[in-house]
Amino acid sequence: MSDPNDKPNLAQAPLIEHLVELRSRLLRAVVAILVIFLALYAFANDIYTFVAQPLMALLPEGSQMIATEVASPFLAPFKLTLVVAVFAAIPYVLHQAWSFVAPGLYDNEKALAMPILASSVALFYAGAAFAYFAVFPLLFEFFTQTGPEDVAVMTDINQYLNFVLKLFFAFGVAFEIPIATFLLIVSGATTVESLSKKRPYIVLGCFVVGMLLTPPDVISQSLLAIPMYLLYEIGLLFGRFARRKKREAEDDS
């Protein structure tokens with residue numbers, strides 16, 4: 001005869017196995033970030049110089065950035081290198097997350113989840129690249145040319161880093177709008193027609209988000225709000241395509 005007291009232990013066994021696997025996945029992700037960070041740390045100053053280039057290119061000849069805190073020359077490149085390591089490790093981190101949750105998904109969920117994960121990573125990187133190559137030059141040119149002539153622009157390296165990291169994150173998240181729109185449509189939470197009717201509110205919302213996530217100037221707010229709206233339209237386009245394919249599959253069956 002089996003002991004009834006063994007049933008709770010049998011129920012706890014899968015939970016313990018999942019927790020052990022989760023710990024293993026998290027450890028691998030942390031190790032990956034650490035390895036990338038150690039590999040990049042020798043180039044920490046070069047990485048900071050690269051990120052600061054959009055501003056440095058617009059400063060008068062002979063100008064340079066300054067450090068107002070004792071530890072800033074060390075901490076600013078250190079912090080930036082750590083952030084770059086996390087960004088670079090995102091595909092591997094998501095792979096570990098996918099490996100953990102995939103066994104519990106249905107085949108149709110797996111077929112949808114992988115493209116969404118890959119697209120999310122690509123769009124986040126695209127948002128950060130858009131901020132660096134398109135937004136920063138225009139934004140810093142505006143800032144450096146609108147000040148009084150007798151004021152020398154000497155930006156603190158730590159303040160500059162905090163500023164650009166905020167913009168990197170804001171544009172990276174904003175570029176996820178097509179994924180969010182697509183998921184809302186596919187999940188049935190809303191419809192293409194309903195979202196299409198809300199365009200005026202979406203436009204207003206994009207500019208409100210741009211105001212909250214970017215510095216208080218019209219240029220940076222517009223440079224975030226306009227791509228957000230265009231990406232929203234792209235999400236609607238893919239939502240229409242997915243709905244059409246679903247209808248065709250239902251008709252065939």
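This chain uses plain numbering: 1 for the first residue, then up along the sequence. Because only heavy atoms are used, hydrogens play no part in the values below, and waters and symmetry mates are left out as well, while side chains stay in. Here the structure is a predicted model, which is why all the values come from computation and not from measurement.
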Hydrophobic cluster identity match, [X] and [Y], side-chain contacts under 4.5 Å:
X: F130; Y: F133; value: yes
X: L183; Y: L231; value: yes
X: V51; Y: L75; value: no
X: F142; Y: L223; value: yes
X: L161; Y: F50; value: yes

* To do: Decide side chain to side chain contact (heavy atoms under 4.5 Å, CB included) for I90 and Y125; before the verdict, give the C-alpha distance in whole Å, the side-chain angles of both, and the deciding distance to 0.1 Å.
  => CA-CA 10 Å; I90 284 178; Y125 287 159; 3.8 Å; yes
* Could you give me the CA-CA distance, side-chain angles and deciding distance for L165 and L80, then say whether side chain to side chain contact (heavy atoms under 4.5 Å, CB included) is met? => CA-CA 8 Å; L165 288 181; L80 176 59; 4.3 Å; yes
Once side-chain contact (heavy atoms from CB on, under 4.5 Å) is applied, do any residues pair with [X], and if so which ones, sequence neighbours excluded?
X: E193; value: T191, R243
X: A29; value: V93
X: D46; value: F43

Identify the heavy atoms of [X] and [Y] that sit nearest to each other, and give their distance.
X: V192; Y: G239; value: CG2-C, 4.1 Å
X: L224; Y: A170; value: CD1-O, 4.1 Å
X: V121; Y: P91; value: CG1-CG, 4.1 Å
X: L167; Y: A131; value: O-CB, 4.3 Å

* Would L236 and I185 satisfy side chain to side chain contact (heavy atoms under 4.5 Å, CB included), going step by step from the backbone distance to the final call? -> CA-CA 8 Å; L236 286 181; I185 296 172; 4.1 Å; yes
* Quick one: which residue pairs count as a side-chain hydrogen bond (donor to acceptor under 3.5 Å, both in side chains) with a foot in residues 223-242, not counting sequence neighbours? =>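 Counting only pairs at least two positions apart or across chains, the side-chain hydrogen bond (donor to acceptor under 3.5 Å, both in side chains) contacts touching residues 223-242 are S196-R240, R199-E233, Y229-E233.
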Find out whether [X] and [Y] are in side-chain contact, i.e. whether some heavy atom of one side chain is under 4.5 Å from a heavy atom of the other.
X: F238; Y: P178; answer: no
X: L55; Y: T144; answer: yes
X: I66; Y: I157; answer: no
X: Q53; Y: Y48; answer: no
X: F207; Y: S222; answer: yes

* **S99 (side chain) donor-acceptor with H95 (main chain) under 3.5 angstrom** =>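 Pair found, side chain donor or acceptor close to backbone of H95.
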* To do: Give a yes or no answer on whether the side chain of T181 reaches the backbone of I177 with a donor-acceptor pair at less than 3.5 Å.
  =>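 Yes, the answer is positive, given that a donor and an acceptor are paired below the 3.5 Å cut-off.
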* **Trace of the ring pair (Phe, Tyr, Trp, His ring centres under 6.0 Å) decision for F175 with F124** => CA-CA 6 Å; F175 270 56; F124 189 88; 9.6 Å; no
Give, for atom [atom1] of [X] and atom [atom2] of [Y], the distance between the pair rounded to the nearest 0.5 Å.
X: L184; Y: S194; atom1: CG; atom2: OG; result: 10.0 Å
X: L58; Y: Q145; atom1: CG; atom2: CD; result: 7.5 Å
X: D156; Y: T68; atom1: CG; atom2: OG1; result: 3.5 Å
X: Q96; Y: L94; atom1: CD; atom2: CG; result: 10.0 Å
X: L117; Y: I179; atom1: CG; atom2: CD1; result: 9.0 Å
X: T155; Y: F143; atom1: OG1; atom2: CZ; result: 10.5 Å

* Using the salt bridge (charged side-chain N to carboxylate O under 4.0 Å, His left out) rule, collect all pairs that involve residues 167-186, keeping only residues at least two apart or in two chains. =>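 Residue pairs passing salt bridge (charged side-chain N to carboxylate O under 4.0 Å, His left out), neighbours aside: none found.
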* **Donor-acceptor pair between S72 and N158 side chains, under 3.5 angstrom** =>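 No, N158 and S72 have no side-chain donor paired with an acceptor closer than 3.5 Å.
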* Asked: Is there a donor in the side chain of K79 and an acceptor in the side chain of N162, or the other way round, less than 3.5 Å apart?
  ->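 On atom types as modelled, these side chains qualify, holding a pair under 3.5 Å.
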* With a 6.0 Å cut-off on ring centres, are F241 and F182 close enough? ->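 No; F182 has its ring centre 6.0 Å or more from that of F241.
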* Would the F136 and F168 ring centres measure less than 6.0 Å apart? ->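 Yes, the ring of F136 comes within the 6.0 Å limit of the ring of F168, centre to centre.
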* To do: Hey, can you tell me if F140 and F163 have their rings parallel, tilted or perpendicular (30° and 60° cut-offs)?
  =>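 Tilted: the ring planes of F140 and F163 meet at 30° to 60°.
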* ring-ring contact (aromatic ring centres under 6.0 Å, His included) partners for F37, two or more places apart ->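 Listed in chain order: Y41, F78.
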* Stepwise, does the side chain to side chain contact (heavy atoms under 4.5 Å, CB included) test hold for M65 with M56? -> CA-CA 8 Å; M65 301 180 75; M56 295 298 298; 3.3 Å; yes
